[in-house]
Amino acid sequence: MAAVSLEGVTKLYRARRGDILALQDFTLDIADAEFVVLVGPSGCGKSTTLRIIAGLEKPTAGTVRIGDCVVNTVAPKDRDVAMVFQNYALYPHMTVYKNMAFGLKMRKVPRAEIERKVMAAAGMLGIEHLLDRKPAALSGGERQRVAVGRAIVRNPRAFLFDEPLSNLDAKLRVQMRAELKRLHRQLHTTSVYVTHDQEEAMTLGDRIVVMKDGLIQQCDTPLTVYAQPANRFVAGFVGMPPMNFMDARIEADGGEVTAVVEGHRLPCTAPTAQRLAQHASQTVVVGARPESLLVQPADATRTRSGDETLLAEVQVVEPLGERQDVYLRTAAGTRLIARVPPTAHISPGDNVTVAFDPDRLHLFEADATGQRII
């Protein structure tokens, strides 16, 4: 096992129609035995980062370390890392046993040792009964387990996972997520995992690295990234349904500071009001997660004053068992998503009021950076 470090890594792809900057001054330290997930939209540079660690791509600039060694010029086979690919990359003409044993055989590991390691990994993954089958006779989940088993038998210094669950159905993805988490606790091997699925990132990672355009937007624990997003991009990317955003103007009236959205004053806690005072008379962006919105029928007894609620019409209701996701359109045309209990009697076409939890509001700069204010 070993720590993995990238310092000032840049990757530039040369192309006829213009150079493509896949990574920009990328710096990240991954501790020994840590599970770090790189997440972001397609083209953000996460797979390029993984391939640079593996040695399948060379950085244009910067330093890559595995343990205490700089590996920029070290061949992939000598880096002692194991990569699990999206398409499994199993040899179709070999049995499961031979697929798992192949890497050890190429390293001239004694036959008895190969047998011991393959059987131990197969037992760990529950695939002992599949060892004599070929990949064509396996389901997608079984193939994925074989690909993980092939990595485990090598006992590498680090595991690299490149969207390994993207070809599985939803139920199997949930099962395999739990399996990978269990394996990591058991093996304590440094792991770097790439996905575009923010739910996967949140459930698997000790830390998650949110990327956009080759840059790290935020690197922290999943709960911190969710509760305190660094900017609007992170706030909108992490969380499903995504965070709601509304333009607001900060107004100071005597000693009272409020955020005004569509002519309605949102309630603010005292600490929030103090921070907002620095942005008086400015436009900011208010963010509110779906679960922090309180939706009530417009004719119901209001728990808040009319100045603190928005009027909206229900567009769509999605019943999801333990909750309902309600899609709204305010009188000014702003689209919102609220998460309400399954017992709430709300239907498309209903007029409702929307109130905001003042303790769970987020505020961001209105400029292109969208940096977090509160």
Side-chain angles (χ1 to χ4, degrees), residues 37 39-41 196-205 207-208 210 212 217-248 250 258-262 264-269 271-273 275-276 284-296 303-304 308-330 332-344 346 352-366 369-374:
V37 180
V39 64
H196 64 273
D197 186 329
Q198 49 90 21
E199 186 173 309
E200 251 176 55
M202 293 285 290
T203 55
L204 281 172
R207 283 189 298 157
I208 61 176
V210 184
K212 178 189 177 188
Q217 301 296 307
Q218 188 170 3
C219 176
D220 215 317
T221 64
L223 291 180
T224 299
V225 171
Y226 186 82
Q228 301 174 32
N231 54 44
R232 273 192 66 183
F233 172 78
V234 175
F237 187 82
V238 176
M240 189 59 62
M243 183 180 286
N244 298 292
F245 296 109
M246 299 155 285
D247 289 336
I250 306 305
T258 57
V260 180
V261 175
E262 298 184 5
H264 297 264
R265 296 177 180 274
L266 299 188
C268 297
T269 60
T272 299
R275 294 285 299 275
L276 288 181
V284 299
V285 175
V286 172
R289 295 210 178 271
E291 61 269 24
S292 69
L293 270 58
L294 175 63
V295 178
Q296 290 185 312
T303 57
R304 300 173 187 271
E308 296 179 350
T309 59
L310 301 181
L311 293 175
E313 181 184 350
V314 177
Q315 304 284 299
V316 176
V317 178
E318 292 182 342
L320 297 169
E322 80 285 1
R323 69 176 191 271
Q324 298 180 84
D325 287 346
V326 181
Y327 291 74
L328 307 163
R329 184 184 179 91
T330 69
T334 302
R335 296 185 183 276
L336 303 173
I337 306 174
R339 180 168 289 177
V340 302
T343 54
I346 296 177
V352 296
T353 61
V354 182
F356 300 84
D357 184 343
D359 294 319
R360 302 169 74 181
L361 289 179
H362 304 263
L363 285 97
F364 305 93
E365 298 283 0
T369 67
Q371 290 300 304
R372 178 183 181 84
I373 299 171
I374 298 173

Legend entry - Which atom of Ala288 lies closest to which atom of Leu293, heavy atoms considered: CB-CD1, 3.6 Å
Inset, instruction - Please name the pair of heavy atoms, one in Thr309 and one in Ala355, separated by the smallest distance, quoted to 0.1 Å. - result: CG2-CB, 3.9 Å
Legend entry - Ala248 versus Val286, closest heavy-atom pair with distance: CB-CG2, 3.5 Å
Legend entry - Side chain proximity check, Leu266 to Pro358, heavy atoms < 4.5 angstrom: no
Legend entry - Student check: side-chain heavy atoms of Thr330 and Val354 closer than 4.5 Å: no
Inset, instruction - With rounding to the nearest 0.5 Å, note down the distance linking CG in Leu336 to OH in Tyr327. - result: 12.0 Å
Inset, instruction - Quick one: pull up CG in Asp247 and OG1 in Thr334 and give me the separation to the nearest 0.5 Å. - result: 8.0 Å
Inset, instruction - Apply salt bridge (charged side-chain N to carboxylate O under 4.0 Å, His left out) to Arg339 and list each qualifying residue two or more places apart in sequence or on a separate chain. - result: Asp325
List the atom pairs, donor and acceptor, that lie under 3.5 Å between side-chain atoms in residues 310-320 and the rest of the protein, sequence neighbours left out.
none

Inset, instruction - Can you measure from CD (Gln324) to OG1 (Thr343) and round to the nearest 0.5 angstrom? - result: 8.0 Å
Inset, instruction - Check Arg360, His362, Met243 against Ser292 for a side chain to side chain contact (heavy atoms under 4.5 Å, CB included) and give me the one that passes. - result: Arg360
Inset, instruction - Please name all residues satisfying side chain to side chain donor-acceptor pair (under 3.5 Å) with Thr258, sequence neighbours left out, ordered by chain then number. - result: Arg265
Legend entry - From CG (Asn244) to CG (Leu328), nearest 0.5 Å: 8.5 Å
Inset, instruction - Taking all non-hydrogen atoms of both residues into account, name the closest pair between Glu200 and Thr203 and its distance. - result: O-OG1, 3.1 Å
Inset, instruction - Taking all non-hydrogen atoms of both residues into account, name the closest pair between Pro342 and Gly321 and its distance. - result: CB-O, 3.4 Å
Legend entry - Heavy-atom pair with the smallest gap, counting every atom of Pro222 and Gly205: CG-O, 3.3 Å
Inset, instruction - Identify, with sequence neighbours excluded, every residue that meets side chain to side chain donor-acceptor pair (under 3.5 Å) alongside Arg289. - result: none
Would you be so kind as to tabulate the donor-acceptor pairs closer than 3.5 Å made by side chains of residues 225-240, with sequence neighbours excluded?
unit_1 : atom_1 : unit_2 : atom_2 : d
Tyr226 : OH     : Glu291 : OE2    : 2.4
Asn231 : OD1    : Phe233 : N      : 3.1
Asn231 : OD1    : Val234 : N      : 2.9
Asn231 : ND2    : Gln217 : OE1    : 3.1

Inset, instruction - Decide yes or no for Met246 and Phe356: does some side-chain heavy atom of the first lie under 4.5 Å from some side-chain heavy atom of the second? - result: yes
Inset, instruction - Go through the structure and list residues passing salt bridge (charged side-chain N to carboxylate O under 4.0 Å, His left out) with Asp220, not counting sequence neighbours. - result: none
